[in-house]
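Positions are given from 1 along the sequence.
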Amino acid sequence: MPLALLALAVGAFGIGTTEFVMMGLLPDVADDLHISIPSAGHLVSAYALGVVIGAPLLAAVTARMSRRTVLISLMGLFVAGNALSALAPDNGWLLAARFLSGLPHGAFFGVGAVVATNMVAPERKARSVSLMFLGLTVANVAGVPVATLMGQNLGWRATFLGVSAIGLAAIAALAMLIPRDHEHTTAQGLRGELAALGSLPVWLSLGTTVAGFGALFSAYSYITPMLTDAAGYAGASVTLLLALFGVGATAGNLLGGRLADHSLRGTLFGGLGSLVVVLAVFPLLMRTELTAAVAVILLGMAAFATGSPLQLMVMEKASSAPSLASSANQAAFNLANAGGAWIGGLALAAGFGVTSPALAGAALAVLGLAVASLAYTVDRRRAPATAGRERIVASHVPQEAEAVRH
C-alpha cells in the first residue's frame, strides 16, 4: 500500500477527533460560555450541518481543480475552523466556527477515497479506502479520549488548538506524500458532476448508507444510559467502553476493506445482516457488564465493516463523478447520524425502555438490507451481462492513468 495513504489517515484522524470530541466537552463549554447544556448541544448539530452542506457543495465546485490541491485546501479550511473555535469569544461565534469546521469533512473523505483507490491495483481498492478510514476509527480509540482529557484539564480551547496542530501535520503529510500525478482530474465541471448523481442506483446506494448507519446511531447515541442503567456500569467507566467501540470499529473497518476486495456485495450484505443480529440481541447483552462490553465491540465491528463497501458502491454507480458521489455519501452518513439519533429518541420517549433504541436500530438495519437488495435487483435488470461482478473498476480510472503516463 502506498505511503501516501498515511497522509489521508492523518487527516481523517484529525477530522474524527474534532467531530466526536464535542460530546465530551459540552459541560465545560456550557459552563465557560454561560449557556445551558442543551444550547451547547447545538454545537454538535452545527458541525453536522456543515458536513451535510459542505460535502457535495465543495466537491462539486472544486471538480476542475487538482485533487492534491483540493485535499490540502480542505485541510487548511479544517485548521482555520478549529483555530477559530479555540478563539471564539461567545456561543454565536463558536457555532459559526463549528459549522466552518464541518464544511471540509465530507469532501475530504470523498476526494480522499478517489485518490486512495487510484493509487492501488483494482483488487486493493476497498482496502485502500479502509486504510484512509483507519484514521477515523483510531480517533475514537485514542484521539477523542486524549482530546477530552486535554479539554477537561487545560480548558476546552486547548483541545481545538491541539486539533488544529493535527490538521497542520496533515497538510505537511499531504504535500509531501500525495503524488503530483494526482493533479490530473477529469474536467467535467459542476454540471457534469451533478448530472452523475441523477441515476437511481446512486440514490439507492446513498439510501443504503442512511439506513445502515442510521441503525448504528439509533443505538450508539444512547449507549451511555444503556451501559449505566441497564448494564450497571459506573459513569466513569463509559469513556473506556467507548474506546472499546473504537477498537471494534477499527477491526470491522479493516476486515470489511479486505473482504470487499473479494466480494463487494457479499461484504455489504454480510455487514448489514450482522448489524441486524447485534442490535436485535443488544437488550439481552446489556444485562451484565461483561456481555455489554462485548456488545459494544460487536456493534463497532458490524457497523464499520460496511463503511468501505458503501463508499465504493456509490463511487461505482457514479463513476463519471466519483469525488462528488463519494462526498455525497459522507453527507448521507451525517444524515444517518441525525436521523438515527432522532428515531432512537422516539423509542425512548415512547417508554419502550432504555435499550429500545437498539431495537429501533435493528429495524433500520433491516430497511438498509431491503434497500441494498433493491439496488442489487436494479443492477441485474440494467446490466445482466455484469450481474454478480463484485469488484469495482471505475471506468474513468484507466483514462486518468493513461493521462498521467503521458
Side-chain angles (χ1 to χ4, degrees), residues 9-51 54 74-106 108-109 134-173 220-221 223-224 235-247 249-250 334 337:
V10 173
F13 178 81
I15 288 174
T17 300
T18 202
E19 178 180 18
F20 293 107
V21 74
M22 182 56 76
M23 287 77 159
L25 296 178
L26 286 182
D28 303 272
V29 173
D31 182 63
D32 185 54
L33 297 181
H34 308 293
I35 58 176
S36 67
I37 289 183
S39 295
H42 294 157
L43 297 168
V44 177
S45 302
Y47 184 92
L49 182 63
V51 177
L74 290 172
M75 193 50 57
L77 184 60
F78 170 82
V79 170
N82 281 279
L84 289 173
S85 296
L87 300 174
D90 55 41
N91 186 49
W93 280 99
L94 185 55
L95 278 169
R98 286 294 288 171
F99 176 81
L100 181 64
S101 300
L103 285 175
H105 176 131
F108 181 87
F109 281 108
L134 185 64
L136 181 64
T137 57
V138 170
N140 284 282
V141 180
V144 173
V146 171
T148 302
L149 288 174
M150 179 187 296
Q152 292 171 346
N153 290 280
L154 301 178
W156 63 270
R157 297 177 188 276
T159 294
F160 291 109
L161 288 177
V163 172
S164 298
I166 296 174
L168 291 174
I171 290 175
Y220 187 67
S221 300
I223 194 68
T224 296
S237 303
V238 171
T239 301
L240 176 60
L241 290 163
L242 295 184
L244 288 180
F245 172 84
V247 171
T250 300
N334 277 269
N337 189 338

Tell me the closest heavy-atom pair linking [X] and [Y], and the distance in Å.
X: Ala158; Y: Leu154; value: CB-CB, 3.8 Å
X: Val79; Y: Leu168; value: CG2-N, 3.7 Å
X: Met75; Y: Gly167; value: CG-O, 3.4 Å
X: Val247; Y: Val141; value: N-CG2, 3.4 Å
X: Arg98; Y: Glu19; value: NH2-O, 4.0 Å
X: Ala139; Y: Gly16; value: CB-C, 3.8 Å

I'd like to check the side chain to side chain contact (heavy atoms under 4.5 Å, CB included) partners of Val51; sequence neighbours left out, ordered by chain and number. Tyr47, His105, Asn334
Flag side-chain contact, heavy atom, 4.5 Å: [X] against [Y]:
X: Phe78; Y: Phe108; value: no
X: Leu49; Y: Phe99; value: yes
X: Leu43; Y: Asn91; value: yes
X: Phe160; Y: Met22; value: yes

Could you give the distance from [atom1] ([X]) to [atom2] ([Y]), rounded to the nearest 0.5 Å?
X: Leu242; Y: Thr224; atom1: CG; atom2: OG1; value: 5.5 Å
X: Leu84; Y: Ser101; atom1: CG; atom2: OG; value: 7.5 Å
X: Leu136; Y: Phe13; atom1: CG; atom2: CZ; value: 10.5 Å
X: His42; Y: Ile35; atom1: NE2; atom2: CD1; value: 9.5 Å
X: Leu33; Y: Leu95; atom1: CG; atom2: CG; value: 9.5 Å
X: Asn140; Y: Tyr220; atom1: CG; atom2: OH; value: 5.5 Å

Step by step, would you call Asp31 with Trp156 a side chain to side chain contact (heavy atoms under 4.5 Å, CB included)? CA-CA 11 Å; Asp31 182 63; Trp156 63 270; over 6 Å; no
Assess whether side chain to side chain contact (heavy atoms under 4.5 Å, CB included) is satisfied between Val21 and Leu25, documenting all intermediate values. CA-CA 7 Å; Val21 74; Leu25 296 178; 4.1 Å; yes
Would you say [X]'s side chain and [Y]'s backbone share a donor-acceptor pair under 3.5 angstrom?
X: Asp32; Y: Asp28; answer: no
X: Thr18; Y: Ile15; answer: no
X: Thr159; Y: Ala147; answer: yes
X: Arg157; Y: Ala88; answer: yes

